[in-house]
Amino acid sequence: MSTTFQLDTATSRANPTPAPMKRLTVPKIQAHKADGETKQPLVMLTAYTARMAQLLDPHCDLLLVGDSLGQVIYGLPSTVPVTLDMMCAHGAAVVRGSYHAVVAVDMPFGSYEASPGQAFESASRILKETGAAAVKLEGGEAMAETVAFLTGRGIPVMGHVGLTPQAVNALGSYRARGKTEAESDKIIADGRAIAEAGAFAVVAEGVMESIADRLTEALACPVIGIGASAKCDGQILVTEDMLGLFERVPRFVKRFDDMAERISGAVAGYAHEVRSRSFPTADQTYRPKS
Ligand code: KIV
């Protein structure tokens, strides 16, 4: 799928596009953490559509086309059924809607776990079809060989440890991880393995704060927290969660707006005006010029 437009889209909803600027790069994100220290935390949010990417891009260092789109966009019960086709289509839309942030695309369940070769096939398809700069995959020590294989072949990889939602069938729930010493040691070992294999950043999701702090201290690359710790090198949230689009909010989410309420109010106003024939008015209808 081409990411460059030849069409004049001046009258399309695809306009306005964000003002072109120099896009951040993976090495710049990596260099954000120097000598184990991050002065200003990295800002990362999920995006699945071009319009949302346009709105988020000026404020974010990284945009993640997360496989959480399974639940958020497609109403699926988990991320397990998400396909490579879905990720490529949404990844391309987000790249088209952004100029500034590094765009990373999640590798969906089943597209990378079998072998490094399978992961390369899937990741190279994602980069070719979307124009994104990086992929993200879940898993720790078991995925280290794959991360090394991809990074050694020019594919920047972001890791994801702690609560790994694609493993929900094995984990049994979405509860926070690291409550026992064995579990916390495993999360640290997972983070180390992925970072040493060449990941340029690692997401730590749903882990005890003390583990997130240990991980942030231990890894040379940036650790991006979600349900983790304020001391992480950056933070990510699912955009629709922080905008207040869902009734159910996980404990680690702060709602920065209540958009569900506001959309509901706007739609109720529209429905009322349609039924009472007060919309459309002369302002919204076409008449011959007199
Ligand atoms: O899929 C996703 O949105 C994610 C983030 C929550 C880290 O993996």
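Numbering of ligands and ligand atoms starts at 1, following listing order. Along the sequence shown, residues are numbered consecutively beginning with 1.
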query = Any idea which protein heavy atom is nearest atom 8 (O) of ligand 1, and the distance to it?
reply = K136 NZ, 2.9 Å
remark   = atom 4 (C) of ligand 1: closest protein heavy atom, distance to 0.1 Å, is L64 CD2, 3.6 Å
ask   = Is ligand 1 under 4.0 Å from a heavy atom in the side chain of T79, in the backbone, in both, or in neither?
value = neither
key: Where ligand 1 meets D67 - atom numbers and elements under 4.0 angstrom, heavy-atom basis   = 1 (O)
E141/R192 ion pair, N-O < 4.0 Å = no
inquiry  = So for ligand 1, is Y48 a polar contact partner (N or O within less than 3.5 Å, distance only)?
reply    = no
message = As an exercise, identify every atom of ligand 1 less than 4.0 angstrom from a heavy atom of G66.
response = 1 (O), 2 (C), 3 (O)
key: Steps toward side chain to side chain donor-acceptor pair (under 3.5 Å) verdict (Q71, S68)   = CA-CA 6 Å; Q71 290 110 316; S68 50; 5.8 Å; no
ask   = Counting only heavy atoms not in E121, do more than 12 fall under 6.0 Å of its CD?
value = no
query = Do ligand 1 and E205 have nitrogen or oxygen atoms that lie under 3.5 Å from each other?
reply = no
Sub-4.5 Å side-chain heavy-atom contact between V65 and K136 = no
inquiry  = Please tell me whether R125 and S111 have a donor and an acceptor in their side chains that are separated by less than 3.5 angstrom.
reply    = no
inquiry  = Using a 4.0 Å heavy-atom cut-off, which part of T46 comes near ligand 1: side chain, backbone, both, or neither?
reply    = side chain
message = Would E138 count as a contact residue for ligand 1, given that I'm defining contact as a non-hydrogen atom of the residue lying under 4.0 Å from a ligand atom?
response = no
task = Measure across G178 and M208 and return the closest heavy-atom pair with its distance rounded to 0.1 Å.
result = O-CG, 3.3 Å
Closest heavy-atom pair and its distance - D67, T79 = O-CG2, 3.3 Å
note = Here the atoms of ligand 1 under 4.0 Å from any heavy atom belonging to D106 are 1 (O), 2 (C), 8 (O)
query = To the nearest 0.1 Å, how far is atom 2 (C) of ligand 1 from its closest protein heavy atom, and which atom is that?
reply = S68 OG, 3.2 Å
key: Between Y74 and H90, ring centroids under 6.0 Å   = yes
remark   = Any heavy atom of I226 under 4.0 Å from ligand 1? The part involved is side chain
